[in-house]
Every structure is written in structure tokens, then in C-alpha cells.
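So that the names make sense, note that chain A is the first sequence line, chain B the second, and so on, each numbered from 1.
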Amino acid sequence: MSLHDKNSAISGLVINIQHFCTNDGPGIRTTVFLKGCSLRCKWCSNPESIHPKPEIAYNMSKCIGRKQCGFCLKPPCPEGAFYVLDGDDDRVRINWDLADQEPQNLADVCPTGAIYLFGQRMTVEEVIAEVEQDSAFYQESGGGVTISGGECLLQPDFTAAILEEAHKRGMNTAIETAGNVPWEYMEKVLPHVDLMLHDHKLTDPERQRRWCGVDNVRIKQNFKRAYETFPGTNFKARTPLIPGVNDDDEHIESVLAFIRPYANVIDYELLPYHRFGESKYSYLGRVYELEDFNAPTAERLQHLRAKIDSAFGRDSQG
Amino acid sequence: MQSDGKKIGLCAGRGYIPGVNIILKSVYLAARERGASVIGIRDGFDGILFSGDYADGGTVPLTGELVEILDIAGNLLGAGARRDPFRLQSISAQGMVEEIDRSDELIEKIRDLGLAALIVIGGHQTMSTLLKLSRKGLPVVCIPVSAENEIAATQLSFGFNTALNFTADMLDRASHAALAAGKIGVVEVLGAESGWLALQSALTACADAVLIPEFPYKPESLAQHLEKKLCGGSRHGLVVVAEGASVVPLAQPAQACAGPMRRSLAPLAQEGEGRFVIDRTGSAAETVCRSLQKLLRHETYPLALGSWSKGGSLTAVDKQLGMAYGVAAVRAALQGSTGTMVAFEPPDIDFIPIEQVINRVRCVPRDSIFLSTADALGIYTGGR
């Protein structure tokens, strides 16, 4: 099936396309992760998705050393971007201040993949071709394609085009969003969305600013407007549960109060904090600020989930 | 040499070292002798880029009256935030968080102040940023400060001697305490990438072992060394461990470097709260204690000096060094030797291009006199 002409010229920046996802919407899904985010949540487990442009990452454990290689120590790599310390260990180190140019060139010189690139430009056609491979599984399981990120709504034309093409092919569509975008972006994409998974991270605007970089005034406005403007679309609220930050009863109750008036908000899910993405910070030369945070306890999770079940008229899960 | 009323800017980079005011005093006096004046910039580059946040506009003209009453142990200008002018987090007009490059704006505003050069008091986290600014045409001179003395191309960074003095004093106390208790004290000191502070202070206290990043240690060898001493009649022990000391073999492959050479400005950093990684002080001492306890009958206990080492009054050595560095920096700034760091290469102070300072760590070499002295005294120094 060919693309609509208007969609064939559109491309976007993709970090990853992950098959066989079961937590990003109903059934078995393929999730397309886009690059760029308009928040800076301190617990982010996908730091490679934050910056809107391609960037390199560096895993020193894959470096085979200057004696065996040393390609990154010469042009076209910028002088000083990579270096070796005096001593027995001849593996390359990276100076992140100076390695900020031409990421594709930097990644290309490394034969072992120690230097690699996050963010590849892909066309709608390329994405759909990748996603379509699992069509049989979508049909069997009620799954489909989910566009995530980063913040997928920061590439509204690309996201809308992918979802439109997916619908044409009979696939269920979903997006994951934090909602911190101009309403026009959301309005462009939502006509092609069957399910919107969206984050209610914090209630208090100032605490949201502190933990996520900006307050939640526009985010809440967007969500409310989306619920009201698209009554036929399903919405699933989510909270990444961070102990000591937003795992209090007040926040959960506040979210429930916000979403319950809307019949098309079909569920509210808690996502326990984890640190699976922590190693990526060092690969990107960044600091992970929540080193001493732990996952919420099972008891706390159970207590809060029971509140949600009660609000939705369900028996509490055991 | 008269400098016809030139103006020099002065600011401090990230991190805290006591006694930066003595450098302020030195720069002011040296500039005054040459007919130049000095403008202090608050909080690194924040006084320029966020001038509206300051009642005085972010800059402080240094005067004789002001300099006379300065508390030498303090830092009038404040330390720079962990902010990179090439990647400053801000909120766009559309309410979206983003990182933007304000380096051009910074350079233009510094030019608008009429500054002939900018002297930056900073550690090696500051150097790469200064190099980039220098390449864009900002005339900078750097004065090296470090409690760990790991900045390359200079024998002595400002602040090291003060930290050494304090650490040596504390190790004496720790040794007395360990003797009184009949235990093995494991004291963690500053030194994420180089072991100068640990090694030199351990020598002053005649510790039983010193573990430094340059030479990973084997817990079994360390335990054996301590056991030998304890079996010989001694009742206590003292182990000095630098923050960055590691074990042979490594439990897992080393991660890509996210230590002091890492790039500082993450999208996670923001104004006000939340700029700082939660302090991990004490983990090296705890690790050594736990591993020794499995191998020895004697009780071990951890202590960590951490940021205590970065406070207090300056030693005479650092006071002299601060004065000398300030004078040299002014000379470099006024004669146009910019894009450099002032460096102490006894008996002289030279100007070293910043390119020669970045990407290097001043590590303890295998043939260090301090190491051979430690070996001769029977102090365990890791698996070399």
C-alpha cells in the first residue's frame, strides 16, 4: 500500500523502534521512540531522548585502545574531543565539551561501536515498513503502533503522518505524551490516535517546575481540552511514581479528581520508579541526579493502586 | 609598565576552594600597580548572563577599601554554578525546556564592559569551557585551583596545600583514635582521579596503607599487609583511601568516564535547587572496610573527610601561591598572553596554553619520590 503523497515527504528524528512491547498500549505493539523532549524530569530513564538533535554516546568498555585503533584521535574528529590519559590504560576518554560537533562523523570513525549515535532521520515510509512487519501479531492481539519519545508531539507532522498511515493499514494507534506542547500540535495528532497515554507527574505547579523544569499549567489545560475535544478517543492517565516526590495520597487523589469526570479517560496507571536507564547517563556524559532514590515499596504501590481501583469501581488487585 | 586604564574582569569557576579572596586581593593590587582596574563578576558567568538577578547588576568593581576588609578565607565573588554557557537550560517562549548556546551573548556582554581580558579562578572542570570561549575570541587567563592537585601542567594548584594541612591533621587524630580503640581506621580523603592528597597526607601520618586511583589495590594483599603488622604486636591500623581508589580486578568493566572530566551540564540541571548530585562521600571508605572485615579479625571502621577538606584558613604556602598566581595572571592579561593558565613550574610561574592543560590529569607517577618514600617506610601503596 503506498503512502499518501503528502506523507511521503515527511521525515523525523527517531531514536529506536522497539518490537513486541506490551506496556505501551493494548496487545502486542511496536513502539517508535522519537527524539526531543520539552521537559527535563530528573528521573528520566531515556536521557538519550531529551535533546532534539542527533548526539553521540560513548561506552568506554568497548574501546580497544589507542594502540589497536586510535581513529577518533585524528581528524575528522575535533582536536581534543577524544584523548588518552598517561599510564597503562590506553582506552580513549571523551571530552564532552569539545565533542559537540558533527555527531554522525564522530560515530562513523569508531569500528567497535564504542562511539555511537542516538537519533536517525527516518521517513514515514521507512517507519511504516518497519512497523508493518508485525501486522499479524497486531491482528491477533489487538495491538498496533505506539509513538513515544522523548515527546512525540514535538514532531507533530511526522507523528500524525505515521499514525494516519497506520490507520490506513488497519493498525491500532497510540501515543505516549507528557503534554507540554502547544495545543496545535496535540490537535494535529489526536484525530489519528485511538489511545493517548499521558503523564500526570505532579500536582503543584512549583514542584513540577522543580522536578521537571517547567510548571504544569499548560499541561493540565491541554489534557482537559483533549478529553473534551476528542470524546471518541480513549485516554489513559499515568504517573511515574517517584518515592518522596509524588507518591503521596494527595497527588493520586488530585489526578483521580481531574480525570474521573471524563468517561473517555478509561484508566489510571502507576509506573514505579526504576533506574534501568541510569547507565545511559554516563554514556552521554551526564549526571544522574537521583542516584540515591529507590523504587517505591510494594506496600505503597498496593495502597495507591487500591485507591485507583476503588475510584474506577474495580476490586483491588491482590 | 602602565596599562592606560585597562580593565580586567575576574570571576571564579565551579566548586569551592577556601581563600579565593587572597587571589582577588592579589589581582587588584597587581593591576593597580600597572594602572589597570578590576571588575569582579559574581558567581562565575552568572553575574553577566543573569545580571538582573543581582541587586548590583552582577559585577563588583574592586576597590582598595573593599579589598582591605576582605576575609581572606572567603570568596567575595561566589563560585560559578554548574552551568555551561554553551548549553544553558532555559524555558522557550512556547513554554518548553531547552538548552541554548549563550556563549556569543556572554562574550558580547564582556566586551561591552570594556574588559581587556578575563581572569578565571577555576579547576579543570572549567578549562574546556574556557578553551572554547578563548577560541571564540574571549581573552581568558586561568588560575588553577584544586584541593586534589590534579590539574596538569602545574606542580601546585592553589588550595592543595591547605587541604593537605587539614587532612594531615585529621589523619593524626584518626591514628590516635584508632590506637585508643585498638581498631583499624579507614579514612577516605579527596582524590577522585589522582592520589596526591591521599599519598602525601598518609606519609605525614605514617599510615599503614594508602590506596590511590593510579594503582588499583587487592583487598587480599592489603589485608595480608595489615595482618603482618598486627601480628607483630601493633594494636591498631590506619588506612588512607582516596575517593577514586579502585580494586584489582575490576568487578565490572569501567563505565564511560563520568568523573571530573565529564561534561557537566546535563538537561537535568536547573536553576536554584537540584543542581547537585547527591553527595557520595564515604563510599570508598565503606567499601574498603567491608572488604577488609571479611579478611581480618581486627575491627575496621570508616571515616570520611570529604568537604571538610575544602574549608578553613589558608596555609602560608597557599597564601604565597595565591599572591603569585594573581600577579602572574594580571601580567598575562595585560601583555596579551591570553588563552593560558598560569602554572607553577619551580622556580618560575609560566603561562601554559589551555590546550595543554585539558584532557590530562596530574597523576602520581610510578617513580614518584612520595611513593618510593612510602615503600621504604613499609606503607602499602597498592598493586604496582
K.L.:
Within the supplied structure, the quantity of interest is the number of heavy atoms (other residues, nucleotides, ligands) at a distance under 6.0 Å from Gln104(A) CD; does it exceed 12?
P.N.:
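Above 12, so yes.
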K.L.:
Does atom NZ (Lys224(A)) have a neighbourhood of more than 12 heavy atoms from anything else shown, all under 6.0 Å?
P.N.:
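Result for NZ/Lys224(A): open.
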K.L.:
Using non-hydrogen atoms only, which part of Cys63(A) is less than 4.5 Å away from chain B: side chain, backbone, both, or neither?
P.N.:
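For Cys63(A), there is no contact with chain B at all, as no heavy atom is under 4.5 Å.
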K.L.:
Arg40(A) side chain to Val97(B) main-chain N or O, any donor-acceptor pair under 3.5 Å?
P.N.:
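Such a contact is found between Arg40(A) side chain and Val97(B) backbone.
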K.L.:
Tell me, side chain or backbone of Arg135(B) under 4.5 Å from chain A's heavy atoms, or both, or neither?
P.N.:
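Just the side chain, heavy atoms under 4.5 Å.
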K.L.:
Using heavy-atom distances under 4.5 Å, tell me whether Asp100(A) contacts chain B through its side chain, its backbone, both, or neither.
P.N.:
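Just the side chain, heavy atoms under 4.5 Å.
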K.L.:
Specify the closest pair of heavy atoms between Trp96(A) and Arg87(B), including all atoms of both residues, with the distance to one decimal.
P.N.:
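Shortest heavy-atom separation between Trp96(A) and Arg87(B) comes out as O-NH2, 3.6 Å.
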K.L.:
Quick check against the 3.5 Å criterion: does Arg360(B) have a side-chain atom that pairs as donor or acceptor with the backbone of Tyr83(A)?
P.N.:
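Between the backbone of Tyr83(A) and the side chain of Arg360(B) there is no qualifying donor-acceptor contact (under 3.5 Å).
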K.L.:
Keeping Lys132(B) on the side-chain end and Leu98(A) on the backbone end, is there a donor-acceptor pair under 3.5 Å?
P.N.:
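Pair absent, no side-chain N/O of Lys132(B) close to backbone of Leu98(A).
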K.L.:
For a quick test of reading the model, state the closest non-hydrogen atom pair linking Met96(B) to Val181(A) and the distance between them.
P.N.:
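Looking at all heavy atoms of both residues, the shortest contact is SD-CA, 4.3 Å.
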K.L.:
Closest approach of Ser128(B) and Asn95(A), non-hydrogen atoms and distance?
P.N.:
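That would be OG-ND2, 2.8 Å.
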K.L.:
Got a second to check how far Glu214(B)'s CD is from Asp89(A)'s CG, nearest 0.5 Å?
P.N.:
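Output value for this atom pair is 13.0 Å.
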K.L.:
Please check this pair: side chain of Asn180(A) against backbone of Gly95(B), looking for a donor-acceptor N/O pair closer than 3.5 Å.
P.N.:
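Looks like yes, one N/O pair under 3.5 Å.
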